[in-house]
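This is a predicted model, so every value here is computed, not measured. Along the sequence shown, the residues carry numbers beginning at 1.
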Amino acid sequence: MKNLWITLPAYAPDYSGICSAFFDLGGISVVHDASGCTGNYTGYDEPRWFGTRSKVFCSGLREIDAVMGNDEKLLGNLIAAGEDIDPTVYAVIGSPVPMVIGSDMKGIAHELEERTGVPAFGFDTNGLHLYDEGISEALCALIRRFTEKPEETIPGGINVLGTNPLDFANNGNDAMLTEALEDRGYRVMGKMMMGASIDQIRKLASAEVNLVVSVSGFAAAELLERKYGIPYVAGNPVGSSEEVFSLIEQTRADRKSRVITDDASDGILIIGEQITANSLRRAIRNTCPGTGVTVALMTQCQKALRGAGDVVLTDEDSVASLLATGRFHTLIADPLFGELPEAAGLELISLPHSALSSKLCWDAAPHFIGEQTETIIRAACESAAAAANGSSRK
């Protein structure tokens with residue numbers, strides 16, 4: 001049946017993405033709900049809880065408050081919490097019930113800022129969209145509010161847009177990326193949003209170029225290009241590939257934005273986040289030319305990043321239907337996709353995605369740069385070679 005999730009869990013929702021984006025900013029995030037949605041985020045959608053802290057609260061919404069539209073209770077609790085915590089910002093985040101009763105989250109945030117003098121953001125999230133859309137909305141809101149016109153452009157300055165623990169896990173991928181850039185002589189100006197700060201966000205426009213490493217950072221890159229003329233490269237360095245770093249240099253030279261993408265062809269199916277999946281496909285083809293690879297997306301799909309023939313999947317039924325077509329011999333995806341009956345005849349190469357499998361697999365998420373993802377690339381090439389030999393023997 002359409003739109004039912006029977007074998008696969010649902011992806012992390014939009015309100016978790018907002019909470020994730022504000023995690024490192026030293027503010028107060030409150031999910032306006034009765035505790036279930038807050039529990040989803042704190043229990044399943046935030047790998048950084050183990051060893052790190054952030055101020056995330058539940059509003060404790062009750063039936064009588066919903067019926068009476070008692071926003072004053074929420075405002076009073078937020079003001080009281082702020083007196084104890086002294087936050088840098090507030091994020092007031094919606095959930096399904098506020099959507100149904102028509103709560104004005106932006107209006108609540110505006111009133112909160114009027115009373116406290118602390119910057120406050122309201123988000124009409126509702127749990128019906130995914131985490132990457134929430135992160136994208138948060139990044140753009142923060143840039144519009146805080147990023148300042150630069151006094152100068154920093155030579156070699158670069159912003160990294162789209163790091164988040166639901167796509168990057170909490171295994172040091174973000175730090176390894178920063179180190180790789182710094183080793184090549186770049187100065188990382190802003191990290192959005194793992195390791196971010198308000199001060200970094202203010203200085204984003206002084207960078208020469210933006211590196212977009214997940215689709216959650218793409219809208220922010222387009223905003224910074226429109227407003228400040230900063231070009232971007234959309235790609236994630238995977239394995240031992242140097243292509244992203246080469247594209248950064250080309251973009252610094254000619255000020256033209258670039259993306260890594262390719263057209264689809266049958267053979268290997270990658271299901272994952274769009275920019276990492278595109279980069280992995282390119283790395284596989286660079287290692288074993290002619291290999292057929294299709295990218296399929298259940299999260300946000302940006303048209304500018306989509307290769308001809310790539311597939312957008314809307315639910316579990318559409319995944320099962322694609323797997324059953326016989327077009328593919330290998331599946332690179334979160335291990336939970338291997339539980340689908342239609343995946344039984346495919347070779348599964350594990351690529352855990354924290355936004356889907358959460359704590360079941362997030363400790364097994366690979367380092368994107370280096371040997372762990374290089375192993376995935378080699379396994380894909382070996383699988384393609386084995387499938388070609390099998391076909392030729394028939």
Exam field: side chain T7 to backbone E339, donor-acceptor pair closer than 3.5 Å: no

Quick one, R327 and T294 - any side-chain contact, counting heavy atoms below 4.5 Å? yes

Backbone N or O of K256 within a donor-acceptor pair of the T251 side chain at under 3.5 Å? yes

Test log, rule side-chain contact (heavy atoms from CB on, under 4.5 Å), inputs R282 and N286: CA-CA 6 Å; R282 180 69 66 83; N286 287 343; 3.7 Å; yes

d(N210 CG, I158 CD1) to nearest 0.5 Å is 7.5 Å

Where is the tightest heavy-atom contact between A138 and F123, given as atom of each residue plus distance? CA-CE2, 4.0 Å

Pair F168 and F368, ring centroids less than 6.0 Å apart: yes

Going by distance alone, is a donor N or O of one side chain under 3.5 Å from an acceptor N or O of the other, for H367 and N173? no

Taking atom types as modelled and ignoring hydrogens, do the side chains of E347 and S383 form a donor-acceptor contact shorter than 3.5 angstrom? yes

Hydrophobic clusters here meaning ILVMFWY residues chained together by side-chain heavy-atom distances under 4.5 Å, can you tell me if I376 and I268 are in one? yes

Can T163 and T178 be said to form a side-chain contact (heavy atoms from CB on, under 4.5 Å), step by step? CA-CA 11 Å; T163 52; T178 298; over 6 Å; no

So do the side chains of F146 and V89 get within less than 4.5 Å of each other, counting heavy atoms only? yes

If you draw a 6.0 Å radius around CZ in R255, do more than 12 non-hydrogen atoms from other residues or ligands fall strictly inside? yes

Quick one: does any side-chain atom of R285 pair with a main-chain N or O of V293 as donor and acceptor, under 3.5 Å? yes

Any link between I198 and M189 through a network of hydrophobic side chains (Ile, Leu, Val, Met, Phe, Trp, Tyr) touching at under 4.5 Å? no

Nearest 0.5 Å, please: how far is CZ in R48 from CG in L166? 8.0 Å

Pair R378 + E371: basic N to acidic O under 4.0 Å: yes

How close do S265 and G292 get, heavy atom to heavy atom, and via which atoms? OG-CA, 3.1 Å

Please name the pair of heavy atoms, one in G307 and one in T261, separated by the smallest distance, quoted to 0.1 Å. N-OG1, 3.3 Å

Polar side-chain atom of S54 near backbone of V56 as donor-acceptor pair, under 3.5 Å: no

Report whether L331 and I377 are members of the same hydrophobic cluster (ILVMFWY, side-chain heavy atoms less than 4.5 Å apart, transitive linking). no

Step by step, would you call R115 with E72 a salt bridge (Lys or Arg N to Asp or Glu O under 4.0 Å)? CA-CA 12 Å; R115 297 193 194 183; E72 189 60 38; 2.8 Å; yes

Between F23 and W49, does the ring centroid distance fall short of 6.0 Å? yes

Any donor and acceptor pair, going by atom type alone, linking the side chain of E113 with main-chain N or O of A120 inside 3.5 Å? yes

As an exercise, state the distance from CG of D33 to OG1 of T38, rounded to the nearest 0.5 Å. 3.5 Å

Once rounded to the nearest 0.5 Å, what's the spacing between atom CD1 of I201 and atom CZ of R145? 11.5 Å

Distance-only, no hydrogens or angles: does the R281 side chain make a donor-acceptor pair with backbone N or O of I270 under 3.5 Å? no

Counting N and O atoms only, with roles assigned by atom type, does the side chain of D263 sit under 3.5 Å from a partner on the main chain of A308, one being a donor and the other an acceptor? yes

Minimal non-hydrogen separation, G195 against D24, with atom names: N-OD2, 2.8 Å

Does T276 use its side chain to pair, donor to acceptor, with the backbone of E273 at less than 3.5 Å? no

Side-chain heavy-atom pair L340, E316 within 4.5 angstrom cut-off: yes

Take V244 and I248, measure what side-chain contact (heavy atoms from CB on, under 4.5 Å) needs, and give me the verdict at the end. CA-CA 6 Å; V244 167; I248 292 171; 4.1 Å; yes

Is L313 reachable from F337 through a run of I, L, V, M, F, W or Y residues, each pair having side-chain heavy atoms under 4.5 Å apart? yes

Within the structure provided, determine whether V118 and I28 are in side-chain contact (heavy-atom separation under 4.5 Å). no

Residues A296 and L322: closest non-hydrogen pair is CB-CD2, 4.1 Å

Using 4.0 Å as the upper bound for N to carboxylate O, is an ion pair formed by R184 and E249? no

Using modelled atom types and a 3.5 Å cut-off, is there a donor and acceptor pairing between side-chain atoms of D317 and backbone atoms of L4? no

Atom pair CZ (R252) and OH (Y186), whose distance is rounded to the nearest 0.5 Å: 6.0 Å

Please evaluate residues N164 and S20 with respect to the criterion side-chain hydrogen bond (donor to acceptor under 3.5 Å, both in side chains), reporting the C-alpha separation (whole Å), side-chain torsions for both, the decisive distance (0.1 Å), and the verdict. CA-CA 7 Å; N164 68 80; S20 175; 5.4 Å; no

Under a 3.5 Å cutoff, is there a donor and acceptor pairing between the side chains of Y11 and D132? no

Side chains of D45 and Y131: does their closest heavy-atom pair fall under 4.5 Å? no

Do the non-hydrogen side-chain atoms of I93 and S29 ever get within less than 4.5 Å of each other? yes

Give a yes or no answer on whether the side chain of D334 reaches the backbone of H353 with a donor-acceptor pair at less than 3.5 Å. yes

Closest approach of A21 and L139, non-hydrogen atoms and distance? CB-CD1, 4.3 Å

Any side-chain heavy-atom pair from S357 and P9 closer than 4.5 angstrom? no

Kindly indicate whether a cation-pi arrangement holds for K149 with Y228, taking the cut-offs as under 6.0 Å to the six-membered ring centre and within 45° of the axis. no

Any side-chain heavy atom of L142 sitting closer than 4.5 Å to one from F22? yes

Are L305 and L247 linked, directly or through intermediate hydrophobic residues, by side-chain heavy-atom contacts shorter than 4.5 Å (ILVMFWY only)? no

CG-CG distance between L74 and L112, expressed to the nearest 0.5 angstrom: 8.0 Å

Establish, from distance only, whether the side-chain atoms of E225 and S257 form a donor-acceptor pair under 3.5 Å. yes

Taking only Lys NZ, Arg NE, NH1 and NH2, and the carboxylate oxygens of Asp or Glu, determine whether E222 and K303 approach each other closer than 4.0 Å. no

